[in-house]
Structure formats: C-alpha cells, structure tokens
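The next block holds one structure in the form of structure tokens; read it before the comments.
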Amino acid sequence: MNRLKSLCTAAAVACLSTAAQAEQIGEIGVDWVGNDIIVEAISDPDVEGVTCHIAYFERGLFDRLSKGNWFEDPSNASIACRQTGPITIGDIDKDKDGEDVFRQSRSIILKSLRVKRIWDEANQTLIYVAHAAELTDGSAKVSISTVPLYSSD
C-alpha cells in the first residue's frame with residue numbers, strides 16, 4: 001500500500017512539474033458537442049530563440065458525459081518547432097535519452113503529453129518529439145519536429 005501511495009505521489013509531482021509553460025494561442029471547434037483542437041506556443045526554456053507550437057484534441061463536457069472516461073483526453077498531438085530569434089543554447093542534456101521540455105497532464109494521474117528535446121550533434125540539429133507517456137501502457141502516437149542550427153560563418 002505504501003509503495004502504491006509513493007508511486008501515485010511521484011506521478012502527481014511529475015505531472016505538475018513542467019519545464020516550460022505553454023500559452024494557448026488558438027482554439028478550433030471541431031463539432032457541435034464542444035470538442036476542440038487547442039493550439040499552444042511553448043518556448044524552449046534552455047534554448048533561446050526556439051518556439052514550438054503544439055496542437056491537441058480536448059474533449060468537451062457533452063462528450064465526457066455521453067462517452068464516459070470523464071477524466072481523460074486523447075493522446076494525439078502534433079508539433080512544429082522553429083527558430084523565432086537568435087538561438088542561444090543553454091545547459092541542455094546532450095545524451096541520447098534527451099530532456100523533457102514540456103509536460104501536461106492528459107488524465108487525472110496516469111497519462112501526460114510530453115515534449116522532449118534531443119540533440120543531434122552530428123547534424124547540428126535540435127529534435128523535438130511530442131508523445132504521450134502513460135504509467136501502465138505506452139503509446140505509439142508520436143509527432144516530431146527539427147530545428148537545424150546553421151553556422152553564421
């Protein structure tokens with residue numbers, strides 16, 4: 001029981017800790033029951049001059065009431081990242097596992113939408129991957145965007 005409580009607490013803290021803050025910049029109604037596509041801008045906190053735009057589906061109240069599964073949104077997301085100013089790379093994690101840039105809860109405790117940054121040193125490119133992370137069941141739904149770094153020489 002203590003192990004389950006510790007696991008739930010750790011998951012809740014992980015869902016609440018977000019490296020970057022998202023700013024909602026758009027909302028597209030997709031049907032008459034209140035389901036929407038939300039578009040948010042996320043500035044990479046450790047790479048100045050890079051902004052990612054992420055779009056995801058958010059279920060409306062009617063959809064939640066009629067279909068159940070009240071506390072969960074789908075894991076689908078799309079991402080595009082671009083240079084939006086002079087790029088200055090801070091202290092980033094450069095190993096192959098990459099580093100979380102953004103995390104947002106998609107259910108009460110078990111599922112989150114994440115954006116992870118990976119540094120491709122050989123090609124001088126930042127790679128941003130949007131994916132769902134679940135405590136018990138992984139998801140194959142992935143979206144990727146790259147920002148190549150060009151030398152000013």
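Heavy-atom basis, side chains included; hydrogens, waters and symmetry copies ignored.
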Check your understanding: Are there more than 12 heavy atoms of other residues, nucleotides or ligands under 6.0 Å from atom CD of Gln24?
Key -> yes

Practice item. Any chance you could lay out the side chain to side chain contact (heavy atoms under 4.5 Å, CB included) test for Asp44 and Tyr128, step after step, and finish with the verdict? Key: CA-CA 10 Å; Asp44 188 325; Tyr128 293 85; 2.7 Å; yes

Check your understanding: Where do Ser143 and Ser78 come nearest, in terms of heavy atoms and distance?
Key -> OG-CA, 3.5 Å

Practice item. Would you check if Val30 and Phe57 make a side-chain contact, meaning some heavy-atom pair closer than 4.5 Å? Key: yes

Exercise for review: Would you give the length of the straight line joining atom CD1 of Ile38 to atom CG of Asp36, rounded to the nearest 0.5 angstrom?
Suggested key: 5.0 Å

Point to revise | Ile144 CD1 to Ile118 CD1 distance, which is reported to the nearest 0.5 Å | key: 7.0 Å

Revision key, fill the gap. CD1 (Ile89) and CG (Asp91) are apart, to the nearest 0.5 Å, by 11.5 Å

Check your understanding: Would you say the side chain of Gln21 lies within less than 4.5 Å of the side chain of Phe102, judging by non-hydrogen atoms?
Key -> no

Exercise for review: In plain terms, say whether Asp46 and Arg117 are close enough for a salt bridge, that is, a side-chain N and a carboxylate O under 4.0 Å apart.
Suggested key: yes

Point to revise | Atom pair CZ/OG of Arg82 and Ser145 - distance to nearest 0.5 Å | key: 5.0 Å

Check your understanding: Can you list the residues that meet the side-chain hydrogen bond (donor to acceptor under 3.5 Å, both in side chains) rule with Ser43, with sequence neighbours excluded?
Key -> none

Check your understanding: Is a side-chain N or O of Lys116 found less than 3.5 angstrom from the main chain of Ile127, in a donor-acceptor match?
Key -> no

Study note, to complete from the structure: Output for pair (Leu113 CG, Asn76 CG), nearest 0.5 Å, gives 10.0 Å

Check your understanding: When you measure from the side chain of Asp93 to the backbone N and O of Asp95, does any donor-acceptor pair fall under 3.5 Å?
Key -> yes

Point to revise | Side chain proximity check, Trp119 to Glu99, heavy atoms < 4.5 angstrom | key: no

Check your understanding: Looking at Glu40 and Ala22, what are the two nearest heavy atoms and their distance?
Key -> OE1-CB, 3.3 Å

Point to revise | Test log, rule side chain to side chain contact (heavy atoms under 4.5 Å, CB included), inputs Val47 and Ile92 | key: CA-CA 8 Å; Val47 181; Ile92 65 170; 3.9 Å; yes

Check your understanding: Quick one: does Thr51's side chain get under 4.5 Å of Ile42's, heavy atoms only?
Key -> no

Review point. Do Tyr150 and Gln124 have a side chain donor and acceptor closer than 3.5 Å?
Key: no

Review point. Between Val129 and Val115, is any pair of side-chain heavy atoms under 4.5 Å apart?
Key: no

Point to revise | Check against side chain to side chain contact (heavy atoms under 4.5 Å, CB included), Thr146 and Leu126 | key: CA-CA 6 Å; Thr146 62; Leu126 296 167; over 6 Å; no

Practice item. Check whether any side-chain heavy atom of Val39 lies under 4.5 Å from a side-chain heavy atom of Ile54, and answer yes or no. Key: no

Practice item. State, with a plain yes or no, whether a side-chain heavy atom of His53 is found less than 4.5 Å away from one of Ile25. Key: yes

